[in-house]
Amino acid sequence: MYGVHRNNVGRAMSPRPEAAIHATDLRMSYGTTRVLEGIDLDVRPGEVFAMLGPNGAGKTTTISILTTLLRPTHGSATIAGFDVAREPRRVREVISLTGQFAAVDSKLTGRENLLLMARLHHLPRRSVRGRADELLERFDLVAAADRLVGTYSGGMRRRLDLAISLVARPQVLFLDEPTTGLDPRSRQTVWDLVREVADDGTTTFLTTQYLEEADRLADRIAVIDEGRVVAEGTASQLKSGLGEAFVELVLADATQTRIPTDGSIEHVGEVLANIRRQGLDVQRWQVREPTLDEVFLALTGHRAAPTTDVIAGARR
Amino acid sequence: MSATNLALRDTSTMIGRSVRRSTREIDTLLLSILLPVMVMALFVYVFGGAITPEGGYVDYVVPGVILLCAGYGAAQTAVAVAGDMAEGIVDRFRTLPILPSSVLVGHVVASLARNTVSTVCVVGVAYAVGFRPTAGSLEWLAAAGVVLLFVLGFSWLSVCVGLVAGSAESASGFTFFVLFLPYVSSAFVPTETMPRALHAFAEHQPVTPVIETLRGLLMGTPNDAAWLAVAWCAGLAVVGAVGAAVLFGRRGRAR
Ligand SMILES: Nc1ncnc2c1ncn2[C@@H]1O[C@H](COP(=O)(O)OP(=O)(O)O)[C@@H](O)[C@H]1O
Ligand SMILES: [Mg+2]
């Protein structure tokens, strides 16, 4: 993932690549409401970094600060070495933001949206049309190119939104909940596209409420809850914090039991032999690793998904 | 390219965007033409006979109708701006390396273009129903300048309204307020005929001096309010533009 960057001539010469995103002790308060309580971030060039957290955790606030939309109450951040507070214009030259809600002009056609953004990014006049065509092709929007965006489906809007973000080949791409509200098929398409963009070497910072999404897309994950990073690492590192694996038993009376194991045949065999000796009435059993959902639950004390049953039932 | 050149390029890109959007909203444009035409028909044919039985009321009322049209048209800017703010596209504009206020300038210039079209239409219809101004070409030019300045002032004011409105629906309430302003001015009846409170309001609101100036230019009626009219419009434009820049520049949006 390192050093595949197209837009970074200067970086190739420096001995140690500087962070694509660096944030120190970001805090944000609205009046007495503390929304961010000291966020530190370090994202390497070319990395895909996911900020995973439930609704209201402070993801959009963090992205707004990093993209120069919001001034933090405390702390500082740099993007590709530029300070977001002191050099917002330089930052804006290297970033692109796909916000939580599709930021497209619904009174223009898809093509017009792309042309508009290409012009505002000061692309050479000659290449504006070509770039738009290229992106329409890549994001499978050719057939809908000359229709008003107001008539697009949610998935199409998202794809256009992403395409618009890529018009100027940003160094750092910010995606705020890129698949929230999409049907499973559109979600898969967006995942594939994000993957592609990342494989081109674009540093990508995305937020999500979905553990699966973070797992699939990100090289590294920061779990954020109530304005704090509660854990950080690769998906497997986060999982290993809960123990490698366990034997999970469901007994006849529907109670569940978990017995930690290193996953080796010897140890699992021993565990199963023990169960036989105790004469437990086992309905089902399996050996498995913890899911990211369980990781999240263990880290934050509550579930990640914003569904009502979870909110009602999971705070302990 | 120099910074000024870039700023000009960004602004003209944004003007192009807003004008294009206006052409997609033909219904809004039609309404802002049809509405004053209907008001004109109402006053000329329905009330006109009662107001001045000997006729000639059309010459009195047309300047007011022109401003009714221009005011309503300018106020549509509030709806356009509020819609933009609600759509989230503005956040994208704010993360671009462009002059932030260029999107607002785009809206205002598009408003000037829209209102030029609708004003020309309204004047055409006025001619058809018997409007016979005495203005020479110089007066016509000055009258056009006054209308454009009025549109400029009200458009910038509308931008501010659009920025604080929160949604296109609440911004459209403002267009009705502006639509009613001419009724409490010298547009349709002389202000002396109004009850005292209304009279005071009518005498001191911007529409009255602008209408008197327009009437003076088009019909040659005596008018001493020209500077007041210019001051009102220019003042609204400056205060509106500065206010809009401040409102737009405010970071940390409400959600
Ligand atoms: N302008 C604001 N004024 C007050 N509170 C806000 C404002 N914006 C966001 N918040 C609060 O900050 C918290 C974090 O919001 P946000 O960053 O949008 O969370 P997320 O994107 O993770 O869902 C929420 O509790 C939200 O209500
Ligand atoms: Mg959010």
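Side chains included, hydrogens not; waters and symmetry mates left out as well; all remaining heavy atoms used. Labels below follow one simple rule: chain letters A, B, ... track the order of the sequence lines, proteins then strands, and each chain is numbered from 1.
Atoms CZ and NZ, on B:R20 and A:K107 in that order, are 15.0 Å from each other to the nearest 0.5 Å. Here the CD1-NE2 distance, from B:I98 to A:H122, works out to 7.0 Å after rounding to the nearest 0.5 Å. Between the CG atom of B:L96 and the OG1 atom of A:T68 there is a distance of 9.5 Å, given to the nearest 0.5 Å.
For A:F82, the CZ atom sits in a packed shell: over 12 heavy atoms of surrounding residues, nucleotides or ligands are nearer than 6.0 Å. Other residues, nucleotides and ligands contribute at most 12 non-hydrogen atoms within 6.0 Å of the CZ atom of A:R129. Surrounding CZ of A:R138 are more than 12 heavy atoms belonging to other residues, nucleotides or ligands, all under 6.0 Å away. Counted within 6.0 Å of CZ on B:F177, heavy atoms from surrounding residues, nucleotides or ligands total 12 or fewer; the atom is thus considered open.
Heavy-atom pairs under 4.5 Å with chain A were tallied for B:E25, B:R24, B:M14; the largest tally goes to B:R24. When each of A:D105, A:D161, A:L97 is checked for heavy-atom pairs under 4.5 Å with chain B, A:D105 comes out on top.
Only the side chain of A:L148 has a heavy atom closer than 4.5 Å to any heavy atom of chain B. Contact of A:H121 with chain B is made through the side chain alone, with heavy-atom distances under 4.5 Å.
The two residues A:T67 and B:T95 have their closest heavy-atom pair at O-CG2, 3.4 Å. Minimum interatomic distance between B:I89 and A:N113 (heavy atoms only, all atoms of both residues): CD1-OD1, 4.3 Å. In terms of heavy-atom proximity, A:L123 sits nearest to B:R9 at O-NH2, 3.1 Å.
Side-chain atoms of B:R92 never come within 3.5 Å of backbone atoms of A:V104 as a donor-acceptor pair (strictly under, hydrogens ignored). At least one donor-acceptor pair under 3.5 Å links the side chain of A:R89 to the backbone N or O of B:P97.
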